[in-house]
Amino acid sequence: MEVLVKFFGGTANSVTCKCMVLFATVLILRLLLFPSFTSFDGIEWTNIVYIRNNHPPLLVSEFEIRENKFLEVPQIVWGLNNQKIAFARACLTARMLNRTLLMPSLSASLFYKEIDLLKPISFDKVFQFDKFNTICIGFVRLGRYSDVLNVTKVLEMKKGSGRKWTLERDLSQLKEHSRGSLDDHEVIRIVGKNPFLWHDHWPVKDYAKVFECLHLVDEISEEADRVVSRIREAGREAKGLIESMKLENGNASGSSSFQPLPYVAVHMRIEIDWMIHCKKLEQRLNTNQICSSREEIMERVRNIAGFKAPVVVYLAVADKLLNDSSILEQWGEGIVPFEKKKLGVDGIYKKYPYLIQSAIDYEVCLRADIFVGNSFSTFSSLIVLERTQKVMKIGATNLCGGNDVIWPSYAYNIPSGEESNSPMKWNTNMSDSTLQAISYGTNHISC
């Protein structure tokens with residue numbers, strides 16, 4: 001304390017000096033006792049955050065989400081994982097404004113052009129509301145419309161669009177609404193485009209924190225359990241059949257048929273509309289590493305290093321491919337391919353709208369022993385992000401190591417460069433400053 005008094009050139013009896021000493025002491029204690037905190041534009045100091053703007057440096061020493069100030073966003077649309085990204089971006093926008101996000105509506109159906117046909121579904125019909133707030137406490141927060149005291153006095157904030165609406169202008173608008181008279185409103189309602197299309201101001205690790213808080217409601221999670229159980233059961237049946245054939249030929253391995261086979265989940269994108277889209281994208285980006293034929297996918301899956309037959313391959317494919325028997329043919333000896341129809345679980349999926357079907361398939365792929373997908377698919381990319389995060393949580397450091405990596409993932413659209421023509425090993429770069437690569441695809445993957 002005496003050193004600090006001398007530093008400030010005052011005396012211990014000066015009221016001003018005492019206040020300055022107390023302030024400095026608090027800052028020092030924060031440096032020593034509290035963990036790091038990351039700002040919304042990614043500048044991280046040990047415990048204080050410097051926020052870039054044209055004003056003097058702002059020190060943020062505490063962060064508590066206000067429960068009496070709210071942010072409302074438009075209905076979240078498009079595919080499951082586009083919706084998850086849009087939801088996370090809405091959460092992080094609310095965090096930047098230090099507001100509770102009013103629980104948004106998701107979209108149960110999938111209509112890209114006919115917005116009026118998008119069937120809304122409440123967030124808590126898909127994900128657990130209370131569990132989200134429990135896990136994400138102190139980071140982001142969801143609220144219900146019943147929490148709002150005055151629903152008539154709402155400030156509308158219109159998101160700009162077009163090339164003139166730059167990243168900097170968007171950030172400036174958000175900062176403007178985070179202070180002064182604009183911030184006094186109980187509810188700020190953002191109007192305009194889908195949150196997926198908003199400018200991205202946050203690093204991958206912030207999105208990952210939000211995704212980690214998303215847990216399917218029990219009904220949907222239990223349906224995924226049933227599908228995974230059926231895959232494991234099919235694996236045991238296939239293994240028993242293979243062992244019986246070996247026994248007849250005098251080549252019994254002695255392994256128990258009760259032990260489940262590992263299963264590989266392949267997110268196979270070969271439907272016609274996807275192939276048209278990816279061919280155009282390859283031309284625009286001047287690359288040949290986006291589209292993959294059925295034969296190319298099968299060959300690369302077979303050539304995965306350390307891949308040992310027998311193994312079950314679950315094909316996560318569009319419903320329009322379920323009547324195409326060719327996707328189950330020519331996989332090679334010891335590889336037992338299934339899709340939901342052959343597994344006999346298509347009835348589970350048919351009970352639900354598109355969004356829930358996709359959520360079940362996502363969970364099935366997430367739990368696979370090995371996952372193989374396309375690095376330009378948002379579905380595949382988010383699965384790899386979660387699998388990467390899962391491996392990091394258990395303390396693994398060599399994510400791109402040899403054949404003993406836990407829960408490995410691969411991108412079948414990118415060859416490994418080896419003579420075997422195997423797929424590239426794939427992990428998410430958790431240090432990326434934005435979600436650009438995951439949202440729109442990349443052939444520059446972490447491994």
Side-chain angles (χ1 to χ4, degrees), residues 73-94 101 103-123 125-127 132 140 142 159 161 170 190-204 206-216 220 267-269 271 273-274 276-278 280-281 290 316-319 352-366 371 373-387 411 413 428 432 434-442:
V73 300
Q75 180 182 347
I76 293 174
V77 299
W78 299 347
L80 168 70
N81 294 287
N82 297 94
Q83 292 190 50
K84 288 171 72 172
I85 290 172
F87 170 77
R89 191 160 292 155
C91 284
L92 294 172
T93 301
L101 177 66
M103 185 173 64
S105 290
L106 306 179
S107 299
S109 54
L110 183 61
F111 290 89
Y112 287 98
K113 297 180 180 180
E114 299 158 298
I115 301 297
D116 57 319
L117 297 179
L118 287 169
K119 184 180 179 181
I121 182 172
S122 177
F123 172 90
K125 298 296 183 183
V126 183
F127 300 104
F132 179 90
V140 295
L142 274 181
K159 278 282 184 181
S161 60
D170 189 76
I190 297 181
V191 296
K193 54 192 176 183
N194 172 19
F196 182 85
L197 299 174
W198 294 355
H199 281 296
D200 185 2
H201 304 289
W202 301 275
V204 168
D206 282 1
Y207 284 96
K209 287 180 183 178
V210 178
F211 296 143
E212 194 174 6
C213 303
L214 290 172
H215 287 255
L216 295 172
I220 302 173
H267 181 218
M268 182 180 273
R269 297 301 309 269
E271 59 272 23
D273 56 347
W274 163 259
I276 293 172
H277 164 74
C278 73
K280 290 181 179 178
L281 195 58
I290 301 177
V317 296
D319 284 349
Y352 299 101
Y354 153 77
L355 186 70
I356 309 304
Q357 293 182 27
S358 187
I360 295 171
D361 243 10
Y362 182 94
E363 193 70 18
V364 172
C365 291
L366 184 64
F371 173 72
N374 188 302
S375 67
F376 278 82
S377 160
T378 310
F379 183 96
S380 292
S381 295
L382 280 192
I383 287 173
V384 173
L385 185 152
E386 285 204 50
R387 288 171 70 89
N413 58 304
T428 300
D432 267 355
T434 71
L435 208 68
Q436 174 77 18
I438 291 172
S439 299
Y440 297 102
T442 181

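Index from 1, following the sequence. Heavy atoms only: backbone and side chains are in, while hydrogens, waters and symmetry mates are out.
- Note that the CZ atom of F379 and the CZ atom of R269 stand 9.5 Å from one another [nearest 0.5 Å].
- Residues K159 and L197 have side chains not in contact (no heavy-atom distance under 4.5 Å, counting atoms from C-beta outward).
- Nearest heavy atoms, V73 versus P195: CB-CG, 4.5 Å.
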Output, in order, the C-alpha distance, side-chain angles, deciding distance and verdict of side chain to side chain contact (heavy atoms under 4.5 Å, CB included) for I121 and I356.
CA-CA 10 Å; I121 182 172; I356 309 304; 4.3 Å; yes

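- Taking each heavy atom of K119 and S109 in turn, the nearest pair found is N-OG, 2.8 Å.
- Looking at T442, its side chain never comes within 3.5 Å of a backbone N or O of A437 through a donor-acceptor pair.
- At least one donor-acceptor pair closer than 3.5 Å links the side chain of Y362 to the backbone N or O of L382.
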Under the criterion side chain to side chain contact (heavy atoms under 4.5 Å, CB included), I'd like the reasoning laid out for T434 against V204: C-alpha separation, chi angles, the key distance, then a yes or no.
CA-CA 6 Å; T434 71; V204 168; over 6 Å; no

For F123 and F87, what are the C-alpha separation, side-chain angles and deciding distance, and is it a ring pair (Phe, Tyr, Trp, His ring centres under 6.0 Å)?
-> CA-CA 10 Å; F123 172 90; F87 170 77; 4.8 Å; yes

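- Note on residues 374-387: pairs passing salt bridge (Lys or Arg N to Asp or Glu O under 4.0 Å), not counting sequence neighbours, are K84-E386.
- Atom NZ of K193 has more than 12 neighbouring heavy atoms from other residues, nucleotides or ligands inside a 6.0 Å radius.
- Panel note: side chain Y354, backbone S107; no donor-acceptor pair is recorded below 3.5 Å.
- Distance check: I76 CD1 to S105 OG gives 8.5 Å after rounding to the nearest 0.5 Å.
- The shortest non-hydrogen separation linking A88 to F211 is CB-CE2, 3.8 Å.
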* Does the pair L118 and W78 meet the rule for a side chain to side chain contact (heavy atoms under 4.5 Å, CB included), with working shown? -> CA-CA 9 Å; L118 287 169; W78 299 347; 5.5 Å; no

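- By the 4.5 Å heavy-atom criterion applied to side chains, F132 and V140 are counted as neighbours.
- In terms of heavy-atom proximity, S377 sits nearest to H267 at OG-CE1, 3.1 Å.
- Taken to the nearest 0.5 Å, the CG atom of N413 stands 3.5 Å off from the OG atom of S375.
- H201 and D170 form a side-chain donor-acceptor contact under 3.5 Å, judged by distance and modelled atom types alone.
- The side-chain contact (heavy atoms from CB on, under 4.5 Å) check on S381 picks up W426, I438, with sequence neighbours excluded.
- For S439, the side-chain contact (heavy atoms from CB on, under 4.5 Å) partners two or more places apart in sequence, or in a different chain, are I85, R89, F196, L435.
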Exercise. Report the C-alpha separation of V210 and L92 in whole Å, then their side-chain angles, then the decisive distance to 0.1 Å, and conclude whether the side chain to side chain contact (heavy atoms under 4.5 Å, CB included) test is met.
Key: CA-CA 8 Å; V210 178; L92 294 172; 4.2 Å; yes

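- Using modelled atom types and a 3.5 Å distance limit, the side chains of N374 and S380 yield no donor-acceptor pair.
- In this structure, CD1 on I383 lies 9.5 Å from CD on E363, to the nearest 0.5 angstrom.
- Closest of all the heavy-atom pairs between W198 and P74 is CZ2-CD, 4.1 Å.
- Expressed to the nearest 0.5 Å, how far CG of L355 lies from CD1 of I220 amounts to 7.5 Å.
- Between T428 atom OG1 and L385 atom CG the span is 4.5 Å, to the nearest 0.5 Å.
- Nearest heavy atoms, V317 versus M268: CG1-CB, 3.8 Å.
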